[in-house]
Amino acid sequence: MKNLFCVKDKVVIITGATGVLGTAMSEHFGEQGAKVVLLARKNEAGENLAEKIRKSGGEAIFLQSYVMDREILEKNYEQIMEKYGRIDVLINCAGGNMPGATIPPDKTIFDLNLDDFRTVVDLNLFGSIIPTMVFAKAMTLQKTGSIINISSESAIRPLTRVAGYGTAKAAITNFTKYMCGEMALKYGDGIRVNAIAPGFFLTEQNRTLLTNPDGSYTDRARLIIEHTPFKRFGAPEELVGTLQWLASDASKFVSGTLTVVDGGFDAFCL
């Protein structure tokens, strides 16, 4: 019987591959037999991750990249197509936040740093749009492919403080739904575009919001856990099952969706 969840030999691109979540995704797809292409800005971290995957028996290459630079991404595209000749899965994982794009309890909307806000929106929104425009070209030629965007809990409901990040992730969800129709209607039903909305996972971007310098939880972190039925933060490896489903033929008739992975946070109200 065919394993619908198999991703063996699929060419999987992961942007932001050296981040906490990106690393877990990269290692998982390497373990599953995919040909993993790691895209990130940090050369040493990227090479080390690729080597770790190869030592574990997987196949991975690292290409230094920047999701906001189309010229660099086009070069990455040529390198990938020269080596593999196809692109099966694109996971748009690159993103981040800045203090100036947040509104802490002692500030108001009028204190928002618009330059930082714009930078955060550009990175989290255009940092997925531009790679999609570049790498989806291969999928249109193949007539098959899966694009997976990383949205956020803050796209579903406006969480306090993260004004810029939430705005961008809400746009990512809308872009995902738009691209579902755009790709299917113009290039056929073999190309799917979906998103996942992770709940609260400790990453480098939110660590200062959720933990104190001594590692203990902040008041915000404790409030989040209070509103999470599972009573804990997520572990990065708890995202990969959903990703594998969306990357594989098991979700062949699934497109334009937002899958929430949050330990029940969005479904729960005190």
Side-chain angles (χ1 to χ4, degrees), residues 1-67 69 72-95 127-128 130-132 134-150 190-194 196 198 203 235-252:
M1 182 181 293
K2 180 182 178 182
N3 179 3
L4 290 176
F5 293 89
C6 181
V7 294
K8 183 175 172 56
D9 294 328
K10 286 185 181 289
V11 179
V12 179
I13 299 175
I14 302 173
T15 70
T18 57
V20 173
L21 301 184
T23 294
M25 297 172 189
S26 302
E27 291 178 347
H28 170 77
F29 281 103
E31 291 170 356
Q32 295 297 310
K35 296 175 171 67
V36 187
V37 181
L38 315 174
L39 299 186
R41 299 184 73 178
K42 298 177 182 178
N43 188 69
E44 184 177 358
E47 292 289 1
N48 288 342
L49 179 57
E51 180 63 20
K52 181 180 179 182
I53 293 171
R54 290 193 291 265
K55 283 183 176 179
S56 298
E59 181 172 349
I61 61 170
F62 167 71
L63 299 176
Q64 193 166 31
S65 188
Y66 181 41
V67 292
D69 191 319
I72 293 175
L73 291 168
E74 293 284 3
K75 182 179 179 181
N76 296 150
Y77 176 83
E78 293 172 4
Q79 293 170 303
I80 296 165
M81 294 301 287
E82 182 178 352
K83 183 170 179 63
Y84 293 121
R86 61 183 297 111
I87 296 169
D88 297 297
V89 181
L90 168 64
I91 301 175
N92 284 311
C93 188
S128 291
I130 300 171
T132 297
V134 172
F135 298 121
K137 288 184 295 184
M139 298 179 185
T140 65
L141 298 174
Q142 302 158 190
K143 302 299 183 183
T144 62
S146 176
I147 299 167
I148 307 170
N149 296 319
I150 307 302
I191 303 175
R192 301 175 293 106
V193 188
N194 293 285
I196 67 171
T203 66
E237 58 270 21
E238 291 174 318
L239 287 175
V240 299
T242 300
L243 283 171
Q244 178 142 346
W245 169 59
L246 291 172
S248 71
D249 286 348
S251 58
K252 205 169 182 178

Exercise: do Y84 and E59 side chains pair donor with acceptor under 3.5 Å: yes
Without hydrogens or angle criteria, can the side chains of S128 and N149 be said to hold a donor-acceptor pair below 3.5 Å?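 No.
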Rounded at 0.5 Å granularity, tell me how far [atom1] in [X] sits from [atom2] in [Y].
X: S26; Y: L38; atom1: OG; atom2: CG; result: 4.5 Å
X: E44; Y: Q64; atom1: CD; atom2: CD; result: 11.5 Å
X: E51; Y: L49; atom1: CD; atom2: CG; result: 10.5 Å
X: R41; Y: D69; atom1: CZ; atom2: CG; result: 9.5 Å

Are there more than 12 heavy atoms of other residues, nucleotides or ligands under 6.0 Å from atom NZ of K137? yes
So with a 6.0 Å cut-off around NZ of K42, is the heavy-atom count from everything else above 12?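 No, the 6.0 Å shell around NZ holds no more than 12 heavy atoms from other groups.
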Do the charged groups of D88 and K35 touch, with an N to O distance under 4.0 Å? no
Using modelled atom types only, decide if a donor and an acceptor are shared between the side chain of [X] and the backbone of [Y] within a distance under 3.5 Å.
X: D249; Y: K252; result: no
X: T203; Y: V20; result: no
X: Q32; Y: A34; result: no
X: S251; Y: W245; result: yes

Test side-chain contact (heavy atoms from CB on, under 4.5 Å) on I13 and I91; report intermediate values, then the result. CA-CA 6 Å; I13 299 175; I91 301 175; over 6 Å; no
Test K52 against every option in E31, E27, E47 by the salt bridge (charged side-chain N to carboxylate O under 4.0 Å, His left out) rule and name the one that passes.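 When salt bridge (charged side-chain N to carboxylate O under 4.0 Å, His left out) is applied between K52 and each of E31, E27, E47, only E27 qualifies.
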A side-chain contact here means heavy atoms from C-beta on lying under 4.5 Å apart; do N43 and F62 qualify?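 Counting from C-beta outward, N43 and F62 do come under 4.5 Å.
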